[in-house]
Number of protein chains: 2
Amino acid sequence: MAKLSFKEQILRVREDAIIASVNRLLADKGYDLMTVDEVAAEVGIAKASLYKHFPSKETLAAAAMVRLLQRALAFVEQQAGLPELSAFGKLRAVTRWLLEIQLAGEMPTLPAQNSSLRAALMADRKYMDALMLASDHLGHWIVQAQTDGDIDPQFPPEVVLYTVFARACDPVPGFLKAGEKFSDEQIVDWVLSICMRGLQPAKAQNNARPGKTLRD
Amino acid sequence: MAKLSFKEQILRVREDAIIASVNRLLADKGYDLMTVDEVAAEVGIAKASLYKHFPSKETLAAAAMVRLLQRALAFVEQQAGLPELSAFGKLRAVTRWLLEIQLAGEMPTLPAQNSSLRAALMADRKYMDALMLASDHLGHWIVQAQTDGDIDPQFPPEVVLYTVFARACDPVPGFLKAGEKFSDEQIVDWVLSICMRGLQPAKAQNNARPGKTLRD
DNA sequence: GTCTATAAGAGGATAGAC
DNA sequence: GTCTATCCTCTTATAGAC
């Protein structure tokens with residue numbers, strides 16, 4: 001029994017290494033340009049061995065997405081445990097997290113069109129569960145922020161949610177980083193500022209809510 | 001002479017048809033998933049014939065991008081001829097145009113990572129010329145809008161320019177359209193509103209320009 | 001310039017020995 | 001589970017007849 005558990009540990013470590021490589025390559029080149037040969041080479045094992053762990057390129061990508069979503073969910077739930085932070089502040093923190101992950105080159109990106117891949121993801125329990133949980137949190141914060149007067153109530157929560165999610169694949173940070181004129185922190189601040197400001201009510205941006213002061 | 005010109009016309013019409021198909025397919029599936037076979041099939045000619053017109057898949061994509069950029073430049077220059085419209089209004093019009101083109105499925109998209117493809121584009125005079133001209137116009141409007149108090153001067157013009165450009169590949173409109181809950185006009189209005197509002201100064205959003213008082 | 005047919009090669013996936 | 005060697009499909013690109 002101990003031997004089995006040990007083997008399982010080794011297996012787990014190796015698969016973590018694989019997923020990390022896939023994550024990096026997905027962030028770097030995207031799904032279509034990432035080849036299984038590259039993954040195998042980077043991990044340092046033969047391609048056939050790789051296929052013993054993950055039966056297809058799609059499951060490989062799905063595993064990376066699951067890992068990302070679980071990281072995201074962990075962050076979201078951490079924010080949920082901060083009662084002194086406003087709903088808007090939590091949304092801002094999550095948006096910032098997405099931008100930081102992306103700018104750090106850790107954001108795996110999948111083609112929006114590949115429906116076969118999307119089907120594989122939708123069939124993955126762990127992926128969908130994490131996605132649902134995270135979306136639920138964000139959805140509640142959005143509604144709360146709207147009643148707080150921090151987000152314009154004219155926008156359907158769906159629109160706000162997608163706007164936040166879209167920061168994960170916003171090309172602006174990458175362009176600015178490629179220009180080598182600004183620091184990563186500066187870039188994140190600007191893009192985050194533009195994004196959040198766009199969601200706020202038009203006429204009464206900095207009005208304090210009854211009790212809470214000094215946000216932003 | 002007349003015969004040659006006639007032949008040239010036919011050639012031109014055929015190549016326009018090819019580029020239109022490429023444009024549609026690029027908008028639909030993206031560069032990597034678009035195959036030359038598909039293009040040939042959609043145009044209704046053999047693949048070998050296609051290669052007589054365009055020597056590679058890359059030049060095919062480049063031609064579609066040139067066409068798009070020239071359409072964009074035409075729109076930009078049309079806006080430039082409207083003296084009664086503010087610089088901010090022109091930027092808004094261009095941003096709206098990008099969103100409409102994208103939502104209409106006419107926005108060809110290239111992978112941001114494929115450097116070989118990017119090199120081919122950078123080597124194309126017509127592409128670069130149109131890009132430069134359009135960027136110049138937008139750049140001037142951005143600076144003007146900042147002195148007008150319509151765009152927050154804390155943002156470098158570069159940041160504003162990329163934020164506008166990025167609407168061309170914003171995934172939010174597509175997500176909302178897929179939900180089938182909102183009209184295209186409604187979607188464009190929301191996304192445009194969020195984008196432009198994000199660029200405006202934080203504290204004095206709806207102040208008319210001529211005499212700006214209102215807090216700061 | 002258009003076609004049919006095919007080369008050339010990349011890349012996902014597998015066979016079978018160890 | 002790991003390896004080497006291979007299969008097979010898809011895709012870009014070209015040859016050569018008309």
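Nothing here was measured: the structure is a model prediction, and the numbers come from that model. All heavy atoms count here, side chains included; hydrogens, waters and symmetry mates do not.
Within the 4.5 Å cutoff, the side chain of B/Met107 has heavy atoms near those of the B/Leu98 side chain.
Across the protein-nucleic acid pair, A/Ile10 atom CD1 and D/dG1 atom C1' stand 11 Å apart, rounded to whole Å. Regarding A/Phe54, its CZ atom lies at a distance of 13 Å from the P atom of D/dG1, rounded to whole Å. Nucleotide C/dA13 holds its P atom 15 Å from the CD1 atom of A/Ile45, rounded to whole Å. To the nearest angstrom, P of D/dG1 lies 7 Å from NE2 of A/His53. One atom, CG of A/Leu50, and another, C1' of C/dG12, lie 11 Å apart when rounded to the nearest Å.
For A/Lys181, the side-chain contact (heavy atoms from CB on, under 4.5 Å) partners are B/Glu158, not counting sequence neighbours. Residues passing the salt bridge (charged side-chain N to carboxylate O under 4.0 Å, His left out) test with A/Glu38 are A/Lys29, sequence neighbours excluded. By the salt bridge (charged side-chain N to carboxylate O under 4.0 Å, His left out) test, B/Glu100 pairs with B/Arg96, sequence neighbours left out. For B/Asp32, the salt bridge (charged side-chain N to carboxylate O under 4.0 Å, His left out) criterion is met by no residue, not counting sequence neighbours.
For C/dG1, the OP1/OP2 oxygens have no side-chain nitrogen or oxygen of B/Arg14 closer than 4.0 Å.
Residue pairs meeting the salt bridge (Lys or Arg N to Asp or Glu O under 4.0 Å) criterion with at least one partner in residues 116-132 of chain B, sequence neighbours excluded, are B/Arg125-B/Asp129.
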Checklist entry - When every nucleotide of nucleotides 4-18 of chain D is labelled 5' to 3' by its protein contacts under 4.0 Å (heavy atoms), B for base, S for sugar-phosphate only, - for none, what sequence of letters results? => result B------SBBBB---
